[in-house]
Each structure stands twice: as structure tokens, then as C-alpha cells.
Amino acid sequence: MLRVVCGCLGMGLALFAGGVAAAQPRPEPIAPQSQQAPPAPPAAQGSVPARVTDQPLAVRVIDQPKTEAQIAAEQRDRADRTVLSDQLLIFAALLVAVGAFLAIAFVVQAFYLGLGLRALRSYSRRADRNVVTTQRAFVYLSDLTWSGEGGNVRIRPIWSNSGATPTRGLRIGTSWKASHGELRSDDVNYAQPPENRFLGPGSKAEFGAIFIPMRDIQAAIEQRVNLYVWGRAAYDDLFEGTRPHFFEFCHRVEVAGETPDKMRLNFTQFGSSNGSDEDQGETADASA
């Protein structure tokens with residue numbers, strides 16, 4: 001019995017010693033000195049730390065082979081894009097053609113509009129000129145009358161204003177000459193200054209009477225001299241922007257009969273000093 005108890009105690013002590021030994025850590029094996037890593041050298045004071053750069057990894061994508069459905073879909077997409085591009089080109093060409101047509105139409109319209117405006121301005125100027133012509137003062141020689149007064153023959157120019165407005169600044173001058181030949185153009189002058197007169201609308205008056213001695217009348221009857229009378233009326237109208245006007249005449253005095261009571265006088269136009277500023281305007285327009 002005692003042996004059994006002693007055996008059990010011995011086994012318990014053995015198991016307890018084994019557990020303690022197992023619980024204690026095992027010491028690490030000491031590497032041989034040749035295999036130990038050398039100690040890192042001390043970092044230099046103030047040195048720049050090393051930068052580690054990660055290199056990208058090259059990845060190669062392997063294309064998978066396309067299926068017939070994908071190839072057909074790409075072909076349809078390519079065909080649709082081609083058709084759309086052609087349609088856009090046609091549409092752009094149509095827009096260019098329409099723009100060119102509109103530009104040509106605009107140019108033609110502007111041309112005809114310019115012609116219309118030019119014609120309208122011409123018509124407006126012509127209408128204004130016609131109104132001014134019919135309304136402005138127009139002075140002319142309406143008649144030449146004569147009478148014997150003692151030893152002279154008095155020739156009276158009768159001036160008329162056929163316009164609807166009065167004259168402004170009317171000046172009238174007259175003269176005469178007994179010439180042994182034809183009257184020259186430089187003989188038409190005025191020894192006396194013109195007289196300041198006035199003519200109302202639609203009126204007439206005697207201005208610038210001429211007195212010819214009876215001896216010159218007798219010489220004209222005997223055809224020893226030729227008698228001439230002339231005159232000029234210069235005036236302005238009441239319209240703004242118009243040019244000055246004039247009217248001039250030059251007549252030959254044809255005498256027949258016997259002095260002093262049986263003589264007859266006739267007047268005929270002579271030379272180029274017959275007309276008005278309107279005649280010069282027409283001549284200038286025709287020559288232009």
C-alpha cells in the first residue's frame with residue numbers, strides 16, 4: 001500500500017515539474033556572428049532623407065476577340081454615321097445655295113430700289129421746279145407802243161409779270177441807237193443806270209421810255225440809218241435758293257410813211273439779245 005502511495009506522489013511531482021518547464025519561454029538561438037547584419041551607420045547630421053519612388057507596373061490588356069454581333073453592330077453604326085454625314089453635307093450645300101440666292105435677290109432689290117429712289121428724287125425736283133416756275137415772278141416785254149411828242153418819237157416798253165408772286169429787286173434799263181449798218185453785239189450797252197421798279201403778280205406797267213429825235217426817224221424813212229431799241233429787266237423772286245432772273249430784248253425799228261403825222265413804226269426782233277434766263281437753262285441742259 002505504501003508503495004502505491006509513493007508511486008502516485010512521484011508521478012504527481014514529475015508532472016508538476018514538466019508543466020513548469022513547459023510554461024517557461026525558450027531562449028532564442030544566438031545567430032553566428034558572421035550572419036548578423038552589420039549595424040547601420042549613424043545618419044549624418046543635416047543629410048537629406050532618401051526618397052523611395054514606386055515604379056508603375058506595366059499592365060497589358062489582352063483584347064478579347066469580337067463576336068459577329070459586335071462586328072455587325074459596328075458596321076451598322078459606321079454606315080449610319082456615313083449617311084448622317086452625307087445628309088449634313090447636302091443640308092449645308094442647300095443652306096449655301098439659299099444664302100447665295102438671297103444675296104443675289106438683295107443686290108437686285110437694292111439696285112431697283114436705288115433706281116426707284118433716284119427716279120423719285122428726280123420727279124420731286126421736277127415737281128418742285130414746276131411749282132416754282134408757275135408761281136414765281138416772270139417778267140417779260142409784252143408790247144412796244146409809240147407816239148409822236150413834239151420833235152421826238154416816244155417808244156414805251158410795256159413790261160408784264162405773269163407769275164403768281166411779285167418781283168423782288170426789279171431793275172430795268174433801256175437804250176437805242178441809229179446805226180449806218182447792222183447793229184453789232186458790242187453796241188448793245190446801257191448809258192444810263194437801270195431804274196428800280198416793282199411789278200405785282202399778273203400786272204403790267206410802262207418802264208424805260210425811249211425818245212428818238214424826229215431827224216433820226218426821217219433818216220430811217222429815207223433808209224440812211226437803221227434804228228434799234230433794246231432793254232433788259234433783272235430781278236429776283238420770293239423763293240429761297242433760286243437764281244436771279246432776267247429778260248432782255250433787242251428790236252429793229254422799221255419806219256415808213258411821212259413825218260410827223262403819217263409815219264408808221266413796226267418792231268421786229270433782231271440779234272441774239274432776246275430771251276430770258278430760262279432759255280440759257282434749257283441750252284445748258286441740252287448741251288450737258
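Residues: numbered from 1 along the sequence shown. Keep in mind that what you see is a predicted model, and the values were worked out from it rather than measured. What you see below is based on every heavy atom in this structure, not just the backbone, and it leaves out hydrogens, waters and symmetry mates.
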Non-hydrogen atoms of Leu141 and Pro157 that approach each other most closely: CD1-CB, 3.7 Å

Any carboxylate oxygen within less than 4.0 angstrom of a Lys/Arg side-chain nitrogen, looking at [X] and [Y]?
{"X": "Arg184", "Y": "Asp187", "answer": "yes"}
{"X": "Asp77", "Y": "Arg81", "answer": "yes"}
{"X": "Arg136", "Y": "Glu278", "answer": "yes"}

Is it the case that [X] and [Y] place a side-chain donor and acceptor less than 3.5 Å from each other?
{"X": "Asp236", "Y": "His245", "result": "no"}
{"X": "Thr259", "Y": "Gln218", "result": "yes"}
{"X": "Arg197", "Y": "Thr167", "result": "no"}

Quick one: does any side-chain atom of [X] pair with a main-chain N or O of [Y] as donor and acceptor, under 3.5 Å?
{"X": "Asp216", "Y": "Ile212", "answer": "no"}
{"X": "Arg168", "Y": "Asp237", "answer": "yes"}
{"X": "Asn152", "Y": "Arg154", "answer": "no"}
{"X": "Ser160", "Y": "Tyr140", "answer": "no"}

Non-hydrogen side-chain atoms of Asp279 and Asp277 separated by less than 4.5 Å: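 No - every pair of side-chain heavy atoms lies 4.5 Å or more apart.
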
Side chains of Phe207 and Thr174 in contact at under 4.5 Å (non-hydrogen atoms): no

From CA spacing to verdict: salt bridge (Lys or Arg N to Asp or Glu O under 4.0 Å), Arg264, Glu258: CA-CA 8 Å; Arg264 300 182 302 275; Glu258 297 178 1; over 6 Å; no

Reference residue Phe249; test ring-ring contact (aromatic ring centres under 6.0 Å, His included); the match among Trp159, Trp230, Phe270: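 The residue from Trp159, Trp230, Phe270 that satisfies ring-ring contact (aromatic ring centres under 6.0 Å, His included) with Phe249 turns out to be Trp159.
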
Test: Arg232 cationic atom under 6.0 Å from Phe246 six-membered ring centre, within 45° of axis: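 Yes, Arg232 and Phe246 form such a contact.
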
Geometric class of the Phe138/Phe247 ring pair [parallel <30°, tilted 30-60°, perpendicular >60°]: perpendicular

